[in-house]
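What follows is a set of notes on a single structure, which appears directly below.
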Amino acid sequence: MSERPSLTALARTFNQIALASFGGGLSAWSREILVVKKQWMEDGEFLSAVTMCRILPGANQINLAVFVGVKFRGIPGALAAVFGLTLVPVLIVLALAYFYFQFHQVPAVAGILKGAAAAAVALTLSMVFKTGKKCLVGLVPLLLFLAVFLMNGIFRWPLLACLSLLAPLALAWAWPKKLKP
Amino acid sequence: MNLKTLLQLFLLFSSLSILSIGGGNTVLPEMHRKTVDDHGWLTDKQFADVFAISQAAPGPSILIVTMIGYKAAGVPGALLATIAMMLPAGILVYLVSRVWARAKDSPARKAIEKGFAPLTVGLILASAWIMSKAADQSWQAYLLTGVCTLIFCATKINPLIVVATAGVIGWLGWL
């Protein structure tokens, strides 16, 4: 990791993430910018932060902004990151809400969104390949990966049900084996 | 300005914030029940439309509450609903991340970082799957997803350029 980012850098970076995610794929964009481009955190820390932010109540991406903001700059950092993530999107959504409730129409961008969504799915898939290459080595992690995909993605079990089954197995597998000093 | 509505907005969304374990989408049914059936702030159709808009707009999809707040009580309602939806959960994340930072070298944190990685990658694949299903992709759209995935994995082209190009392809009506 390079230097501790400033409050402005935190706000600007999360604003960048928010605006890039037109059509979806916020998690993939977060990794693209926080891990690859800015190198503020490594994949291991990023992935565990993502899962913690999913388990805790609240919108995942806002939670991640709080988490990253606190890590570098405490409470002011969290506020800066959340502000950066939400300010412009809130203004956009307000404009859309005004337009929608005034004219009773969804702005005609359906085609553009279809294309952007196809690419956002692709960015999310490429994140699976890139992070999977590093952590899906060996039989146990591969099985954990497949099990959680089936349960949550195909069978649509709630997240908590999946994790209460699989997290203990994952922790038992990953617990450091060496004796403590 | 209607203070009672503002108070209702604040109480409703701050309680939904704490209940939304697993992400904002998990409380959508409850949000629908309260805002459409109980308070009558918007109709069934409007709820479905603002949901679609909030999914597509840039930024967190939880900003559906901004639109609901706007419909219920104008711009102050929109801002209050947004803050109410973020604050309680945000405080909890703050507390957890403090503990997390203090546990830097503990075996528990090492086990979580190593053990949760394969689970997170699986959950991300699940969300790609669900996004693709929700977008109701045609075979052309699947093809586009495939090509874009190859580009993202094999090249260093800025993803924004790829997403924008895909948007243009969709705009031309090829999907």
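Every chain is numbered from 1 and lettered A, B, ... according to where its sequence line falls, protein lines coming before strand lines.
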Strictly below 4.0 Å, N to O, side chains only: are [X] and [Y] in salt-bridge contact?
| X | Y | result |
| --- | --- | --- |
| B:Arg109 | A:Glu45 | yes |
| B:Lys45 | B:Asp49 | yes |
| B:Glu113 | B:Lys110 | no |
| A:Arg31 | A:Asp43 | yes |

Under 4.5 Å from a heavy atom of chain B, the part of A:Ile92 involved: side chain
Which atoms of A:Ile55 are under 4.5 Å from chain B, going by heavy atoms: the side chain, the backbone, both sets, or neither? both
Where on [X] is there a heavy atom nearer than 4.5 Å to chain A: the side chain, the backbone, both, or neither?
| X | answer |
| --- | --- |
| B:Val147 | neither |
| B:Leu123 | both |
| B:Leu16 | neither |
| B:Ala164 | neither |
| B:Gln140 | neither |
| B:Trp174 | neither |
| B:Tyr70 | side chain |
| B:Ala101 | neither |
| B:Thr82 | side chain |

Atom CH2 of A:Trp173 with >12 non-hydrogen neighbours under 6.0 angstrom: yes
Max heavy-atom pairs within cutoff under 4.5 Å with chain A, candidates B:Gly173, B:Ala57, B:Ala108, goes to B:Ala108
Counting heavy-atom pairs under 4.5 Å to chain A, which of B:Ile62, B:Thr66, B:Ile64, B:Ile124 comes out on top? B:Ile124
Going by heavy atoms in the side chains, are B:Ser127 and A:Thr124 under 4.5 Å from each other? yes
Could you tell me if B:Lys133 sits above the aromatic ring of B:Trp129, with its cationic atom closer than 6.0 Å to the ring centre and no more than 45 degrees from the axis? yes
Can a side-chain donor-acceptor contact be found between B:Asp44 and B:His32 if the only test is distance below 3.5 angstrom? yes
